[in-house]
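A short worksheet on the structure shown next.
Bear in mind that the values here come from a model prediction, so they are computed numbers and not experimental data.
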Amino acid sequence: MSQSKLSQEIIQCLEYLADPVKAQFLQGYFKTGKGEYGEGDVFLGIKVPEQRKIADQFWKETTLNHLTELIRSEYHEVRLTAVFILVKQYGKSKTEVEKEQIVNFYLDQRAYINNWDLVDSSAHKILGPWLEKKDRKLLYQLADSNTIWDQRIAVITTFYFIAQNDFKDALKLAKILLQHPHDIIQKAVGWMLREIGNRDYQIEYQFLEQHYKSMPRVMLRYAIEKFDPETRQLFIKGKI
């Protein structure tokens, strides 16, 4: 597929900032080796603030057609910059029609939103506000997916609801994914439980009291990170 002029310009701006040494580090950090969760991903080696600057520079003139070209790039930073642009466009959208177009695009292209930073930079900023006053069955469909990135999108979307002191979907998804085998999901669930606790300690405590013995240690450690040391030790030792 030949790239449009604008897409080429955005990619050139990113390539200008490429750092091969940083790229090599990121290849390891984001687990791109054979059998790892980011297998095959390729990095240019660009700092996230630089990508955000480029997104801020180009978001107004970038269309969904441009974003299709960008989000399908082999380069991680090009895809992440496309995500930053999409989030910016959603936040600036004036109508439900515009927002729906962005949401549909996001869902249609989510095969390319395939690492935790891509998910964590977007799900709660696009799907969260979109679903706030709508049926949220989509989250449970994503949670039931065979793809860990779909599942992480479901979990991280609830961050938006948690910020509104609406915990019900986060807790339901936590229960559904309680024994998930992958640490990408274990960490996400534990993180959301911790965020609930930051707002209502008792709700998180009661959930953990009921379920902590069934959850993976990584999930538990993320969930209890902000608890006082004595309480953390009681959970870790199974003495609650």
Side-chain angles (χ1 to χ4, degrees), residues 1 3-7 9-11 48 51-73 76-174 176-177 185 188-189 191-192 195:
M1 179 176 65
Q3 291 176 335
S4 64
K5 184 176 179 181
L6 181 64
S7 298
E9 186 177 356
I10 293 171
I11 292 169
V48 169
Q51 295 171 65
R52 290 190 183 278
K53 285 181 185 177
I54 291 172
D56 287 344
Q57 179 182 346
F58 288 101
W59 73 269
K60 285 184 181 178
E61 56 193 306
T62 305
T63 67
L64 293 182
N65 285 335
H66 296 131
L67 286 172
T68 299
E69 296 172 352
L70 296 172
I71 208 164
R72 297 184 178 189
S73 172
H76 186 102
E77 292 94 339
V78 177
R79 301 199 308 280
L80 184 56
T81 301
V83 165
F84 289 152
I85 291 171
L86 197 66
V87 167
K88 187 89 170 178
Q89 289 181 343
Y90 185 90
K92 296 291 185 180
S93 294
K94 304 294 186 186
T95 69
E96 284 290 292
V97 171
E98 289 174 337
K99 290 177 180 178
E100 186 172 17
Q101 288 175 336
I102 291 169
V103 168
N104 287 338
F105 176 87
Y106 183 79
L107 293 171
D108 288 345
Q109 303 297 327
R110 70 185 189 277
Y112 305 97
I113 303 170
N114 57 355
N115 216 312
W116 58 264
D117 59 330
L118 296 161
V119 173
D120 296 0
S121 299
S122 58
H124 64 297
K125 296 180 179 181
I126 295 176
L127 295 185
W130 176 252
L131 292 174
E132 182 178 16
K133 296 180 180 178
K134 296 180 177 66
D135 189 316
R136 299 176 188 175
K137 64 183 179 181
L138 170 65
L139 297 183
Y140 299 91
Q141 293 168 352
L142 292 170
D144 193 43
S145 168
N146 293 322
T147 304
I148 59 169
W149 305 120
D150 282 354
Q151 294 172 323
R152 188 160 176 120
I153 286 171
V155 175
I156 300 301
T157 295
T158 68
F159 196 3
Y160 180 86
F161 311 141
I162 291 168
Q164 322 302 318
N165 292 312
D166 176 359
F167 308 140
K168 61 182 183 295
D169 291 293
L171 292 171
K172 286 179 183 177
L173 288 172
I176 290 169
L177 298 168
I185 304 304
V189 171
W191 174 19
M192 291 305 104
E195 291 296 337

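Residues Thr63 and His66 are in side-chain contact: their nearest non-hydrogen atoms beyond the backbone lie under 4.5 Å apart. Looking only at side-chain heavy atoms (C-beta outward), Ile71 and Ile113 come within less than 4.5 Å of each other. Looking at heavy atoms from C-beta onward, Arg52 lies in side-chain contact with Val48 at the 4.5 angstrom threshold. A 4.5 Å side-chain heavy-atom check between Leu142 and Arg110 finds at least one atom pair inside the cut-off. Within the 4.5 Å cutoff, the side chain of Phe161 has heavy atoms near those of the Thr158 side chain. Contact annotation: the side chain of Tyr106 approaches that of Ile153 to within less than 4.5 Å [non-hydrogen atoms, C-beta and beyond]. Side chains of Leu107 and Leu127 form a contact here, defined as non-hydrogen atoms less than 4.5 Å apart.
Evaluation of the ring pair (Phe, Tyr, Trp, His ring centres under 6.0 Å) rule for Phe58 yields no partner, not counting sequence neighbours.
Outside the 6.0 Å centre-distance limit, the rings of Phe84 and Trp59 are not counted as a close aromatic pair. Separation of the Tyr160 and His124 ring centroids does not fall under the 6.0 Å cut-off.
Heavy-atom contacts from other residues, nucleotides or ligands closer than 6.0 Å to NZ of Lys99 number more than 12.
Looking at every heavy atom in both residues, Gly128 comes nearest to Thr157 through N-CG2, 3.6 Å. Smallest separation of non-hydrogen atoms from Ala143 and Ala154: N-CB, 3.9 Å. The nearest pair of heavy atoms linking Leu139 to Leu173 is O-CD2, 4.1 Å. The two residues Ile162 and Met192 have their closest heavy-atom pair at CD1-O, 3.7 Å.
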Checklist entry - Please walk me through it: do Val103 and Tyr90 pass side chain to side chain contact (heavy atoms under 4.5 Å, CB included)? => result CA-CA 8 Å; Val103 168; Tyr90 185 90; 3.8 Å; yes
Item to check | Audit row: Tyr112, Thr68, side chain to side chain contact (heavy atoms under 4.5 Å, CB included) steps and yes/no | outcome: CA-CA 10 Å; Tyr112 305 97; Thr68 299; over 6 Å; no
Item to check | Leu67 vs Gln89, side chain to side chain contact (heavy atoms under 4.5 Å, CB included): CA-CA, chis, key distance, verdict | outcome: CA-CA 11 Å; Leu67 286 172; Gln89 289 181 343; 3.6 Å; yes
Next on the checklist: As a quick check of understanding, evaluate side chain to side chain contact (heavy atoms under 4.5 Å, CB included) for Ile10 and Thr62, giving each step before the final call.
Outcome noted: CA-CA 10 Å; Ile10 293 171; Thr62 305; 3.9 Å; yes
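The distance from atom CG of Leu118 to atom OG1 of Thr81, rounded to the nearest 0.5 Å, is 9.5 Å. Distance CG/Leu70 to CZ/Arg72: 11.5 Å, rounded to 0.5 Å. A distance of 10.5 Å separates CD in Gln151 from CD1 in Ile176, rounded to the nearest 0.5 Å. Summarising the geometry, atom CG belonging to Asp150 is positioned 9.0 Å from atom CG belonging to Leu138; distances are rounded to the nearest 0.5 Å. Taken from CD1 in Ile156 to CZ in Phe159, the straight-line distance is 8.0 Å, to the nearest 0.5 Å. Distance CD/Gln51 to CZ/Arg79: 11.0 Å, rounded to 0.5 Å.
Looking at Lys134 and Glu96, a side-chain N of the basic residue comes within less than 4.0 Å of a carboxylate O on the acidic one, giving a salt bridge. Salt bridge annotation for Lys168-Asp166: present, with a cationic side-chain nitrogen under 4.0 angstrom from a carboxylate oxygen.
Judged by distance alone, the side chain of Arg152 and the main-chain N or O of Trp149 form no donor-acceptor pair under 3.5 Å. Asn115 contributes no side-chain N or O that, together with a main-chain N or O of Asp117, makes up a donor-acceptor pair within less than 3.5 Å. At distances below 3.5 Å, not a single donor-acceptor pair connects side-chain atoms of Ser93 with backbone N or O atoms of Thr95.
The only option from Leu80, Leu86, Val87 that meets the side-chain contact (heavy atoms from CB on, under 4.5 Å) definition with Ser121 turns out to be Leu80.
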